[in-house]
Peer 1: 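Questions regarding the structure given below will be posed in turn.
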Amino acid sequence: MSNNKIVSTHWADINADKIIRERGEKDCYTCASGITPSGTVHIGNFREIISVELVARALRDKGKNVRFIYSWDDYDVFRKVPKNMPEPELLEGYLRKPITLVPDTLGRADNYARGNELDVEKILPSVGVNPEYLYQAARYRDSEYAEGIKTALEHKDEIKAILNEFRTQPLPEDWWPISVFSSFTDKDNTTILAWDGEYGVTYRDDDTNQEETIDLRNTPYAKLPWRIDWPMRWSREGVDFEPAGKDHHSEGGSFDTSKRIVEVFGGKAPVSFQYDFISIKGRGGKISSSSGEVISLYDVLEVYTPELCRYMFVGTRPNTEFAISFDLDVLKIYEDYDKCERIYFGLQSANDKKKAKESRIYELSQVKDIPTTPSYQIPFRHLCNLLQIHSGDIEAVIATLDDIEESQIERLKQRCVCAWNWITTFSPEDFRFALATEDTPVVEVTDKERTAIKALAEKVSKIETYENAKEFGNDMYSCATDIELETSDFFKIVYKALIGKEKGPKLAQFIETCGKDKILPILSRY
RNA sequence: GGGCUGCUAGCUCAGUAGGUAGAGCAACGCCCUUUUAAGGCGUGGGUCAAUGGUUCGAAUCCAUUGCAGCUCACCA
């Protein structure tokens with residue numbers, strides 16, 4: 001309280017402090033996240049991953065060791081054929097089997113679950129996320145959870161009582177805290193018949209009516225249902241922190257029951273928080289994986305650089321819903337980030353409180369080390385115009401920036417790629433233009449207009465004799481007024497000739513930016 | 001029915017370890033009797049949903065109410 005050091009109030013730091021406070025001093029803190037790879041992992045799922053990454057980094061920044069585990073819950077059942085998969089008829093036949101036994105009809109990997117996992121594992125390092133992956137199907141099938149399953153069986157009544165507290169319909173009399181995949185069909189259409197009090201479980205395959213007794217220690221078929229599986233793994237891994245979506249965090253939701261059931265396994269519920277869903281703005285496609293067309297981290301990285309991508313999540317409290325925009329908001333997000341960077345480097349003033357906050361956001365937004373020099377500061381909107389003037393030629397754009405430093409080039413290139421993707425794919429039609437070339441058909445003009453264009457070309461040819469763009473702009477009007485052409489008609493025809501549209505960026509500045517080498521060949525055709 | 005979140009400028013939203021209400025867009029004005037402005041500078045605009053409480057001080061904390069949204073009570 002009395003120290004004058006500013007304590008970070010960033011949510012990641014606050015949660016890191018909370019973990020240390022509630023869990024005590026430890027050699028290593030285990031932070032966990034996970035998901036069922038039953039479909040494309042979308043940007044909403046990414047929120048959990050990045051939330052854990054940020055808290056883990058906050059703990060490390062406090063000098064703590066952190067184990068960041070990411071659980072692929074890939075021993076789940078294939079319930080529904082996703083719409084974005086080829087060969088749905090083939091996949092139909094695999095319903096009710098574990099998703100690791102379903103073929104990947106996209107040809108990405110040996111099986112469907114692995115295909116979805118690989119998509120994520122390949123991209124996460126690019127945004128600075130490097131967890132230790134745990135594969136639950138492999139663990140279950142290797143009988144690593146035999147003791148956990150036995151413990152659940154031993155405490156069946158206790159677990160049942162906890163679950164029943166929140167259910168509208170109590171669990172049936174013959175309920176068991178496990179489920180079994182049939183060794184005959186691989187499907188989970190099975191009924192547990194008996195447990196011998198040790199490791200022997202007898203089940204019936206309801207499709208074939210075959211019965212079998214399996215040993216939990218050396219057969220791969222049994223698993224725990226989600227509400228029991230989760231707390232069992234908390235206990236086994238000693239999870240100190242794991243956030244969850246609001247669906248888990250409602251009263252009676254799985255976090256609620258898990259924090260009770262974990263005691264059966266001799267563990268303690270981790271520190272957690274609820275994160276809200278995110279939505280998409282400015283492009284088609286839903287975020288949910290069941291609809292087929294989903295927005296993934298790959299899609300976001302088309303338009304946002306890795307730092308920007310982190311920045312959006314860093315700067316928003318996790319329990320707040322927000323939209324990832326692909327519309328004009330993209331400009332604002334980039335400009336907000338640049339402002340944040342300027343404040344960090346002291347290029348823009350801010351009061352102490354704001355500076356501390358923005359600086360922390362900047363640090364946490366970085367993929368790796370924090371840069372020692374700021375990026376080349378250029379308004380994103382202007383960058384978009386430069387790219388369009390040069391038809392997306394990034395090298396040509398950078399060549400026009402004579403004050404750019406070597407250390408800034410790579411970062412700017414990365415940004416140009418995203419900007420160009422955005423312009424060509426998502427920007428509104430009004431925003432786009434393409435400078436005419438020699439191949440562009442000349443537009444039809446009246447004699448008067450032709451005279452004006454020639455006069456303009458004359459002025460452009462000696463544009464360097466003007467003191468600045470403004471003086472050039474003022475003089476430009478005489479091209480029209482000298483011959484009594486309405487100035488508005490004049491501008492219209494010039495824009496038409498240059499970019500094929502009736503309006504555009506403020507003309508004088510625009511012509512200056514393009515340079516006479518680009519403008520004269522166009523105008524001289526009239 | 002339970003839980004959670006939100007309600008701040010015309011619009012979209014920042015802002016909660018309590019300390020003089022902010023930004024972007026829109027509007028308006030000027031640069032400019034010189035575009036149908038994608039430029040620059042500037043201006044105006046708010047009983048922070050309502051009521052009550054705690055406090056020297058509340059958008060912020062507490063309670064109640066209203067409205068809106070999400071979520072759980074199937075599965076995971």
Side-chain angles (χ1 to χ4, degrees), chain A residues 1 6-11 13-14 17 34-39 73-80 99 136 163-171 179 188 223-230 244-258 273-277 279 281 289 315-323 325 327-329 331-333 335-336 339 351 353-354 357-358 379 381-382 384-385 388 427-428 430-433 469-471 473-481 485-495 499 501-510 512-513:
Chain A
M1 302 292 149
I6 294 176
V7 176
S8 171
T9 55
H10 191 272
W11 60 264
D13 293 314
I14 288 172
D17 287 337
I35 198 176
T36 297
S38 61
D73 299 337
D74 52 12
Y75 208 35
D76 281 344
V77 179
F78 188 54
R79 291 191 174 72
K80 197 173 150 191
I99 51 177
Q136 299 307 334
L163 293 175
N164 276 341
E165 278 180 44
F166 301 96
R167 295 175 65 95
T168 38
Q169 298 279 317
L171 290 162
S179 64
D188 72 342
K223 64 164 289 197
L224 294 172
W226 166 248
R227 281 181 186 250
I228 303 166
D229 172 71
W230 202 20
K246 63 204 294 188
D247 47 341
H248 297 299
H249 264 289
S250 282
E251 188 172 277
S254 57
F255 188 87
D256 224 27
T257 54
S258 291
F273 63 69
Q274 172 183 317
Y275 59 87
D276 210 320
F277 299 146
S279 53
K281 188 160 162 263
S289 38
T316 312
R317 282 194 305 276
N319 63 355
T320 309
E321 191 179 342
F322 80 102
S325 296
D327 59 11
L328 279 171
D329 287 354
L331 300 174
K332 185 175 189 295
I333 306 283
E335 278 164 19
D336 285 350
K339 184 175 171 189
N351 63 42
K353 193 173 171 182
K354 175 144 190 169
K357 189 181 157 190
E358 293 290 320
R381 186 182 283 271
H382 188 227
C384 289
N385 285 340
Q388 295 191 82
S427 74
D430 275 1
F431 193 89
R432 301 184 198 186
F433 66 85
K470 188 173 169 182
E471 200 195 312
N474 288 339
D475 192 41
M476 199 166 62
Y477 285 88
S478 62
C479 301
T481 52
L485 176 66
E486 283 294 327
T487 52
S488 63
D489 290 338
F490 168 68
F491 281 105
K492 229 182 260 184
I493 200 68
V494 175
Y495 283 122
I499 60 174
K501 302 174 80 161
E502 296 202 341
K503 50 181 186 173
K506 185 161 180 164
L507 194 55
Q509 207 177 48
F510 181 61
E512 193 198 29
T513 305

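Each chain gets a letter, A, B and so on, in the order its sequence line appears, and its residues count up from 1. All values below come from the heavy atoms of this structure, side chains included, with hydrogens, waters and symmetry mates left out.
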Peer 1: What is the distance from NZ of A:Lys246 to P of B:rA73, rounded to the nearest Å?
Peer 2: 15 Å
Peer 1: Taking all atoms of both residues into account, what is the closest heavy-atom pair of A:Glu321 and A:Ser279, and its distance?
Peer 2: OE2-OG, 4.5 Å
Peer 1: Report the distance from atom OG1 of A:Thr320 to atom CH2 of A:Trp11, rounding to the nearest 0.5 Å.
Peer 2: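 Rounded to the nearest 0.5 Å, the OG1-CH2 separation comes to 10.5 Å.
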Peer 1: When the C1' atoms of B:rU16 and B:rC61 are compared, how many Å lie between them, rounded to an integer?
Peer 2: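 Their C1' atoms lie roughly 9 Å apart.
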Peer 1: Between B:rU20 and B:rG2, how far apart are the C1' atoms? Round to whole Å, please.
Peer 2: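 Roughly 42 Å separates the two C1' atoms.
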Peer 1: On RNA chain B, does the nearest nucleotide to A:Lys339 precede the nearest nucleotide to A:Thr316 from the 5' side, or the other way round? Give the residue.
Peer 2: A:Thr316
Peer 1: So A:Thr513 and A:His382, side-chain contact (heavy atoms from CB on, under 4.5 Å) or not? Walk me through it.
Peer 2: CA-CA 10 Å; A:Thr513 305; A:His382 188 227; 4.1 Å; yes
Peer 1: Do the side chains of A:Lys223 and A:Asp76 get close enough for a salt bridge, i.e. N-O under 4.0 angstrom?
Peer 2: yes
Peer 1: Taking side-chain contact (heavy atoms from CB on, under 4.5 Å) as the test, write out the residues that go with A:Gln274, two or more places apart.
Peer 2: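 Testing A:Gln274 for side-chain contact (heavy atoms from CB on, under 4.5 Å), a comparison that skips the adjacent residues, returns A:Lys246, A:His249.
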Peer 1: Output the rounded distance in Å from CG (A:Asp256) to C1' (B:rG3).
Peer 2: 9 Å
Peer 1: What is the separation between atom CZ on A:Phe277 and atom P on B:rC4, rounded to the nearest whole Å?
Peer 2: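 The distance from CZ of A:Phe277 to P of B:rC4 comes to 16 Å, rounded to the nearest Å.
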Peer 1: What pair of heavy atoms forms the shortest contact from A:Ser179 to A:Pro225, and how long is it?
Peer 2: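 In this case the closest contact between A:Ser179 and A:Pro225 is N-CD, 4.4 Å.
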Peer 1: Using the P atoms only, state how far B:rC62 lies from B:rA23, rounded to an integer number of Å.
Peer 2: 28 Å
Peer 1: Drop me the distance from A:Leu163's CG to A:Ser258's OG, to the nearest 0.5 angstrom.
Peer 2: 8.5 Å
Peer 1: Rounded to the Å, how far apart are A:Glu358 CD and B:rG22 P?
Peer 2: 16 Å
Peer 1: With sequence neighbours excluded, what pairs up with A:Lys339 under the side-chain contact (heavy atoms from CB on, under 4.5 Å) test?
Peer 2: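 Here the qualifying residues are A:Arg342, A:Ile343, A:Gln348, A:Lys354.
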Peer 1: Please step through side-chain contact (heavy atoms from CB on, under 4.5 Å) for the pair A:Tyr75 and A:Asp229, ending with a clear verdict.
Peer 2: CA-CA 11 Å; A:Tyr75 208 35; A:Asp229 172 71; over 6 Å; no
Peer 1: Using atom C1' in both nucleotides, what's the gap between B:rC28 and B:rU65 to the nearest angstrom?
Peer 2: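 Comparing C1' positions in B:rC28 and B:rU65 gives a spacing of 40 Å.
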Peer 1: Working to the nearest 0.5 Å, report the span between CZ of A:Phe490 and OH of A:Tyr477.
Peer 2: 9.0 Å
Peer 1: Quote, to the nearest angstrom, the C1' distance that separates B:rA63 from B:rG22.
Peer 2: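 Looking at atom C1' only, B:rA63 and B:rG22 are 29 Å apart.
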Peer 1: Would you measure the distance from the P atom in B:rU54 across to the matching atom in B:rU60 and give it in whole Å?
Peer 2: 15 Å
Peer 1: When Watson-Crick pairs (N1 to N3 and N6-O4 or O6-N4) and G-U wobble pairs (N1-O2 and O6-N3) count only below 3.5 Å on both distances, what is the dot-bracket string of RNA chain B, with | for other-strand pairs?
Peer 2: ((((((((.[[[[.)...(..]]]].(((((.......))))).....[[[[[..)....]]]]])))))))....
Peer 1: Testing the basics here: between A:Leu171 and A:Asn164, what is the closest heavy-atom pair and its distance to 0.1 Å?
Peer 2: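 That closest heavy-atom pairing would be N-OD1, 2.8 Å.
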Peer 1: Using the closest heavy atom to pick a nucleotide of RNA chain B for each, name whichever of A:Ser250 or A:Asp336 lands nearer the 5' end.
Peer 2: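 Closer to the 5' end of RNA chain B: A:Asp336.
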Peer 1: Could you state the interatomic distance from NE2 (A:His248) to CH2 (A:Trp226), rounded to the nearest 0.5 Å?
Peer 2: 5.0 Å
Peer 1: Roughly how far, to the nearest 0.5 Å, is CD1 of A:Ile14 from CZ of A:Arg317?
Peer 2: 9.5 Å
Peer 1: Each nucleotide in nucleotides 5-12 of chain B should get exactly one letter: B, S or -. Can you fill that in based on protein heavy atoms under 4.0 Å?
Peer 2: --------
Peer 1: Rounding to an integer number of angstrom, what distance separates B:rA38 and B:rU43 when you compare their P atoms?
Peer 2: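 The same atom, P, in both gives a distance of 23 Å.
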Peer 1: With rounding to whole Å, what would you report as the distance between B:rG69 and B:rU8 at their P atoms?
Peer 2: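 Their P atoms lie roughly 15 Å apart.
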Peer 1: Are any protein N/O atoms closer than 3.5 Å to N/O atoms in nucleotides 74-76 of chain B? If there are, list each pair with its distance.
Peer 2:
from, atom 1, to, atom 2, distance (Å)
B:rC74, OP1, A:Thr168, OG1, 2.2
B:rC75, OP1, A:Arg167, NH1, 3.4
B:rC75, O2', A:Arg79, NE, 3.1
B:rC75, O2', A:Arg79, NH2, 2.8
B:rA76, O3', A:Asp76, OD1, 3.2
B:rA76, O3', A:Asp76, OD2, 3.0
B:rA76, O2', A:Thr36, OG1, 3.4

Peer 1: Within this structure, what is the CZ-NZ distance for the pair A:Arg432 and A:Lys501, rounded to the nearest 0.5 Å?
Peer 2: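 Reported value, rounded in 0.5 Å steps: 9.0 Å.
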Peer 1: N/O contacts under 3.5 Å, protein versus nucleotides 33-40 of chain B?
Peer 2:
from, atom 1, to, atom 2, distance (Å)
B:rU34, O3', A:Tyr477, OH, 3.3
B:rU35, N3, A:Tyr495, OH, 3.3
B:rU35, O4, A:Tyr495, OH, 3.0
B:rU35, O4, A:Leu507, N, 2.8
B:rU36, O4, A:Lys492, NZ, 2.3
B:rA37, N6, A:Lys506, NZ, 2.3
B:rA37, N1, A:Lys506, NZ, 2.1
B:rA38, N6, A:Asp430, O, 3.4

